[in-house]
Amino acid sequence: MAELIRVSKQGVDVLGSAGTVPNNLIFDSNLNTFKIVASGTTTGTIPSGSLGTIHVAHGLSFTPPVTAFVKRRGFTNALTVGAFRFFPQDDYKFFSASADPGSVNFEINNTSSNAGTFDISYFCFEIPL
Amino acid sequence: MSYKIAISKNGIDVGTAILPNDFNYSSDYNTLKYYTGGTITLAGTAIGAFTTTTTQGIISHDLGYIPFFTVYMNPPELSSGPYYPNGYANLGAGANDYASAFCGTANLVVFIRLENGAGGGTQTGTATFIYKIYRNNLGL
Amino acid sequence: MGMTMRVSLPGYDCLTDGTIDHYSIYADSDNVLIKEFSRGTINIGPTFPNNQGTITHSLGYIPLAFSFANSGGTQVFVSGNDLSSSFPFHMNVGTSNIVLTNNKGGTITFSYFIFYDQL
């Protein structure tokens, strides 16, 4: 008999049939838990009306899957990749997040009439691509 | 000596495994932990030439920091169909429609934006957003 | 008395640390870990209608899913938007499949990860 560890959500009997449904569980040792192998923050400045890319070394021995969030300095909200904010708010678009063997890269289109400093939080996941 | 919990994948010896991808779980690594989610539907109307209408929906999370979040949205011009992660933009010949989201230390905000061009007319749109908010602090 | 399971990250004391973000498992409340359902790769391109690829998941609900496009050795996160002219890829997710689109031309290899966790 194979052993396993399961932790069910509140109100779900882990020993009952509902406890075998992955969507009812917090954790199941039979299923891969997507792991964050590296994360961090970085900052860059992009001129007004410009598309720019901010880079930072990820320090991994493989090219990782990466996602990220960005917040414009002086504003209070963060965007995910593919999201955007219009004038008169933060006024930029988070075009892309990508990784190559050495760095993670974040492409931001600053559609504002002012230069902007952008703070980025990124997450690299476990699986070599 | 530090301790940890590690569960290797089938066929892999947990005593010798070293790569993250060899484990189903290892306490050496952080994980994405979500704690709340839901669905919200927004509707908007833009009437007349060069008119822009933005409709927002606010979801309180009260974490006190900006958390990792995911938002999927279906297209305002279709009001149905599959969901698009993080942002959606439809740039048409006479009108544009957008759906997206942003998050602060207290609220996740989703929105649709309808833009009419020179032709004017009435543009209506409805989009449903499915969101998940995680415990993971972005540190922003 | 309710039971729980807590596993702290390296460097943190699970008996005293009150910050949930310092744990990889904190089952007191529903801090649910995302659980992988399937993963794979698919080659998509070069032009319409072959610039779209469909992956069937048959979960019956909208799941969390991530996809990454390999563009010349650079792995690009795929969102619902192809805002970037350098990386014009996007995806959508339905209750039975996910659809990936390559608007760059050529043939692009996409990696995908689908999770059990319902949105």
Side-chain angles (χ1 to χ4, degrees), chain B residues 2-7 9 20-21 23-40 63-75 78 80-91 98-101 127-139, chain C residues 5-14 19-36 39 52 54-55 57 61-68 77-84 88-101 112-113 115-119:
Chain B
S2 63
Y3 296 86
K4 67 180 184 181
I5 295 176
I7 301 168
K9 293 180 178 174
N21 200 27
F23 298 97
N24 272 353
Y25 172 77
S26 168
S27 60
D28 280 345
Y29 302 104
N30 200 356
T31 53
L32 290 179
K33 300 172 283 292
Y34 68 82
Y35 90 110
T36 191
T39 304
I40 182 171
L63 287 169
Y65 54 81
I66 304 178
F68 192 111
F69 64 95
T70 51
V71 183
Y72 286 29
M73 54 211 75
N74 64 9
L78 295 180
S80 64
Y83 285 77
Y84 293 74
N86 301 353
Y88 177 85
N90 177 42
L91 307 182
Y98 305 86
S100 192
T128 296
F129 299 80
I130 309 175
Y131 63 90
K132 255 194 173 37
I133 300 171
Y134 298 72
R135 287 286 188 182
N136 303 73
N137 188 344
L138 297 187
Chain C
M5 177 176 178
R6 295 181 187 176
V7 183
S8 61
L9 292 169
Y12 297 103
D13 185 344
C14 69
T19 302
I20 292 177
D21 216 24
H22 294 166
Y23 291 80
S24 60
I25 298 178
Y26 193 98
D28 292 42
S29 51
D30 285 348
N31 299 295
V32 182
L33 307 187
I34 60 172
K35 298 164 283 295
E36 186 177 320
R39 66 170 75 169
Q52 287 195 326
T54 299
I55 295 108
H57 61 74
Y61 53 80
I62 308 285
L64 178 69
F66 293 142
S67 178
F68 303 87
F77 180 88
V78 180
S79 73
N81 249 328
D82 49 5
L83 296 174
S84 171
F89 317 112
H90 68 266
M91 69 182 280
N92 65 60
V93 185
T95 57
S96 59
N97 56 47
I98 66 174
V99 177
L100 303 167
T101 300
Y112 61 88
F113 307 92
F115 301 92
Y116 277 107
D117 303 87
Q118 181 174 2
L119 287 182

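Order of the sequence lines fixes the chain letters, A, B, ..., with proteins taken first and strands second; residue numbering starts at 1 for each chain. Everything numeric in this text was worked out from a predicted model, so none of it was measured. The analysis underlying the following values was restricted to heavy atoms, covering all of them including side chains, and did not include hydrogens, waters or symmetry mates.
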Side chains of L64(C) and T70(B) in contact at under 4.5 Å (non-hydrogen atoms): yes

Identify the residue among Y72(B), Y84(B), Y88(B) that makes a side chain to side chain contact (heavy atoms under 4.5 Å, CB included) with N92(C). Y84(B)

Does V7(C) reach the side chain of S27(B), with side-chain heavy atoms less than 4.5 Å apart? yes

Measure the OH-CD1 distance between Y61(C) and I130(B) for me, rounded to the nearest 0.5 Å. 12.5 Å

Exercise: identify the closest heavy-atom pair between N81(C) and A89(B): OD1-N, 3.3 Å

Measuring heavy-atom distances to chain C, does Y25(B) have an atom under 4.5 Å in its side chain, in its backbone, in both, or in neither? side chain

What part of Y134(B) gets closer than 4.5 Å to chain C, counting heavy atoms only: side chain, backbone, both or neither? side chain

Report the residues that fulfil salt bridge (Lys or Arg N to Asp or Glu O under 4.0 Å) with K9(B), sequence neighbours left out, ordered by chain and then residue number. none

Looking only at heavy atoms, what is the nearest atom pair of S24(C) and K33(B), with distance? O-CD, 4.0 Å

Residues two or more places apart in sequence or in another chain: which of them pass side-chain contact (heavy atoms from CB on, under 4.5 Å) with H22(C)? Y12(C), D17(C), T19(C)

Give, as side chain, backbone, both or neither, the part of I34(C) having an atom under 4.5 angstrom from any heavy atom of chain B. both

State, yes or no, whether a side-chain contact exists between F77(C) and N86(B) at a heavy-atom distance under 4.5 Å. yes

Could you walk me through whether Y34(B) and D117(C) satisfy the side-chain hydrogen bond (donor to acceptor under 3.5 Å, both in side chains) test, starting with their C-alpha distance in whole Å, then the side-chain angles of each, then the deciding distance to 0.1 Å, before giving a yes or no? CA-CA 10 Å; Y34(B) 68 82; D117(C) 303 87; 3.1 Å; yes

Side chain from CB out, backbone as N, CA, C, O: work out which of these in I5(B) comes under 4.5 Å of a heavy atom of chain C, or both, or neither. side chain

With chain C, which of T36(B), T39(B), N74(B), N137(B) has the greatest number of heavy-atom pairs at distances under 4.5 Å? N137(B)

What part of E36(C) gets within 4.5 angstrom of chain B, counting heavy atoms only: side chain, backbone, both, or neither? neither

Between P10(C) and D28(B), is there a side-chain heavy-atom distance shorter than 4.5 Å? yes

